[in-house]
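Following: one structure in structure tokens, then a few remarks.
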Number of protein chains: 2
Amino acid sequence: MARTTGSDGEKTQAAIREAAVGLIARLGFEAMSMRQLAAEVGVQPAALYRYFPTKEELLFSLMHAHMDGLIASWGEARPAEGSAQASPAGQLAAFVENHIRFHLARRHATHVSNLELRSLSDERLGHILRMRAEYEGALRAILQAGTSRGDFQVEDVALTAMAIIQMITGVIVWFRPEQRLSEDEVAATYHTMTMRLVGCADTVDRQALRGPHAGGQGDRTGGDPCIPDR
Amino acid sequence: MARTTGSDGEKTQAAIREAAVGLIARLGFEAMSMRQLAAEVGVQPAALYRYFPTKEELLFSLMHAHMDGLIASWGEARPAEGSAQASPAGQLAAFVENHIRFHLARRHATHVSNLELRSLSDERLGHILRMRAEYEGALRAILQAGTSRGDFQVEDVALTAMAIIQMITGVIVWFRPEQRLSEDEVAATYHTMTMRLVGCADTVDRQALRGPHAGGQGDRTGGDPCIPDR
DNA sequence: GAATTAATTGAACGTTCGTTTTATTAATTC
DNA sequence: GAATTAATAAAACGAACGTTCAATTAATTC
């Protein structure tokens with residue numbers, strides 16, 4: 001036999017990508033064989049090479065698409081300049097929420113992007129790392145802005161950015177959809193933790209810390225920078 | 001040839017372990033071949049099988065030793081009961097510091113333990129995960145104690161424990177010994193971030209938040225729970 | 001409806017893999 | 001110093017790997 005009835009290049013490629021993400025997440029890139037992948041898609045091994053010239057190029061393509069999606073997602077989710085959420089605290093909140101939701105919706109792909117960097121050639125690794133740096137740069141910019149304005153208390157912007165990324169990406173390690181916590185609850189909790197991490201306490205914290213006689217920061221006018229206007 | 005002059009089982013085993021940790025960290029477990037490992041040790045492939053019956057058992061042994069060391073390290077570093085550092089804040093500080101230092105000193109082994117769980121059989125995976133749960137249980141206990149006493153403000157102990165572990169383990173991803181920050185500085189910064197994360201602000205934060213007229217928490221006697229007595 | 005293109009099969013290539021077996025030599029024991 | 005044990009070498013096993021190539025059929029074009 002050769003070409004099968006109803007076969008379609010685009011559908012096959014999409015099926016390959018999906019199956020590859022799942023298999024690599026479960027077994028690891030090196031442990032997954034092209035034969036296994038072909039079997040999962042329901043196709044002969046040789047057919048894979050119509051869509052991806054090598055196994056490594058397949059991996060790169062998956063990672064690239066993931067990073068592309070992540071950067072695009074933040075581009076759409078980021079508060080518009082001049083909006084009420086455009087403050088550093090508002091931007092940080094949006095960043096964390098977008099990150100959590102994006103990764104929860106793509107647990108397998110995130111695993112692949114995080115664990116399989118070793119299997120890329122230097123050149124392709126550099127490409128992915130540059131995309132990653134671009135994304136993390138957005139977070140650093142937010143932290144820097146908030147720190148300059150005095151809204152955040154961050155000693156080391158780069159280190160804090162790494163710590164936050166690590167913390168909020170870690171959600172995919174333990175979160176299971178069928179568990180006690182909903183996606184909303186998880187996102188909210190991570191938001192709270194992040195705000196505390198950057199020294200931008202929320203209302204509850206502040207009341208508890210200030211006690212009944214609290215006078216606030218005093219040296220800043222306007223509302224609380226950590227609670228954007230609605 | 002056969003047995004070589006000066007050959008010694010214990011030394012060879014140690015050399016295999018060390019070389020394996022390095023190779024697996026760099027290439028990944030599946031990507032490392034037993035031939036590569038043997039070459040790195042300076043021995044024939046067959047010689048490896050005198051010390052480890054299979055490749056997987058070698059991996060398991062490395063991970064097991066790592067977790068054993070980590071748990072033992074915490075056992076020695078944990079503040080003695082009744083000591084000044086035995087408060088939840090003191091224990092949390094000790095936990096974070098021990099974790100950071102232990103992992104910084106064993107970056108390769110940590111990489112292996114974190115990234116190669118997929119390559120273990122179900123049974124061996126379960127074994128390692130149980131050790132991990134034991135270690136993380138210590139952190140949860142500290143968070144629980146601090147929250148019950150009111151020293152910490154943690155909404156979800158389990159989630160916060162995961163977040164902290166993720167954050168502080170992440171240090172090995174970016175830290176390079178020759179970089180601008182010393183191990184001490186890194187440990188101190190992570191300590192600060194952790195304390196903020198659990199709502200246990202340090203002196204600087206509190207003063208800034210309270211302002212000049214601060215009255216403290218008021219409802220608690222004794223010193224600040226976040227600053228253990230010396 | 002013939003010609004062309006897209007999609008896939010089936011078989012094969014050379015290589016490398018984890019592992020085993022047997023033989024050989026160094027160190028240790030008595 | 002002979003017997004025994006520990007440590008390794010050398011060679012080989014079958015299986016699986018990523019990949020290629022030629023043949024074949026479905027869909028599309030003209």
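Just so it is clear, the model here is predicted, and its values are computed rather than measured. So you know, we letter chains A, B, ... as the sequences are listed, proteins then strands, and number each from 1.
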When you measure from the side-chain N and O atoms of [X] to the phosphate of [N], is any distance below 4.0 Å, counting only OP1 and OP2?
| X | N | result |
| --- | --- | --- |
| A:Thr54 | D:dG18 | no |
| A:Ser33 | D:dA16 | no |
| A:Tyr51 | C:dA7 | no |
| A:Gln44 | C:dG10 | yes |
| B:Thr12 | D:dT8 | yes |

Whole-Å gap separating [atom2] ([N]) and [atom1] ([X]):
| X | N | atom1 | atom2 | value |
| --- | --- | --- | --- | --- |
| B:Arg35 | D:dC13 | CZ | P | 13 Å |
| B:Phe52 | D:dT8 | CZ | P | 13 Å |
| B:Lys11 | C:dA27 | NZ | C1' | 13 Å |
| A:Glu57 | D:dG18 | CD | P | 16 Å |
| A:Glu30 | C:dG18 | CD | P | 11 Å |
| A:Ile16 | D:dG18 | CD1 | P | 14 Å |
| A:Gln36 | D:dG18 | CD | P | 9 Å |
| A:Met34 | C:dT9 | CE | P | 14 Å |

field: Residue whose closest nucleotide on DNA chain C lies nearer the 5' end, B:Tyr49 versus A:Val43
entry: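 Result of the comparison: A:Val43.
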Residue met sooner reading DNA chain C from 5', once A:Ala47 and A:Arg50 are mapped to nucleotides: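 Closest to the 5' end, via its nearest nucleotide, is A:Arg50.
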For the [atom1] atom of [X] and the [atom2] atom of [Y], what is their distance to the nearest 0.5 Å?
| X | Y | atom1 | atom2 | value |
| --- | --- | --- | --- | --- |
| A:Gln179 | B:Leu159 | CD | CG | 9.5 Å |
| B:Arg124 | B:Leu129 | CZ | CG | 14.0 Å |
| B:Asp156 | B:Thr147 | CG | OG1 | 10.0 Å |

- prompt: Taking the inter-plane angle between the rings of B:Tyr190 and B:Trp174 on a 0 to 90° scale, is it parallel (under 30°), tilted (30 to 60°) or perpendicular (over 60°)?
  reply: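 Plane angle under 30°, so parallel.
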task: Quick one: sort the A:Trp74 and A:Phe95 rings into parallel, tilted or perpendicular, breaks at 30° and 60°.
output: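 Geometry flag for A:Phe95 against A:Trp74: perpendicular rings.
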- line: Note, DNA chain D 5' to 3' with Watson-Crick or G-U pairs under 3.5 Å encoded as ( ), [ ], | and . gives ||||||||||||||||||||||||||||||
message: Assess whether a salt bridge exists between B:Glu97 and B:Arg101, defined as any Lys/Arg side-chain N lying under 4.0 Å from an Asp/Glu carboxylate O.
response: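 So B:Glu97 pairs with B:Arg101 through a salt bridge.
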message: Suppose the criterion is side-chain hydrogen bond (donor to acceptor under 3.5 Å, both in side chains): which pairs have a residue in residues 158-170 of chain B, not counting sequence neighbours?
response: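 Of all non-adjacent pairs touching residues 158-170 of chain B, those that pass side-chain hydrogen bond (donor to acceptor under 3.5 Å, both in side chains) are B:His99-B:Thr169.
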- request: Could you work out which one of D:dA10, D:dT20, C:dG18 sits closest to the side chain of B:Ala46?
  value: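 Among the listed nucleotides, the one closest to the side chain of B:Ala46 is D:dA10.
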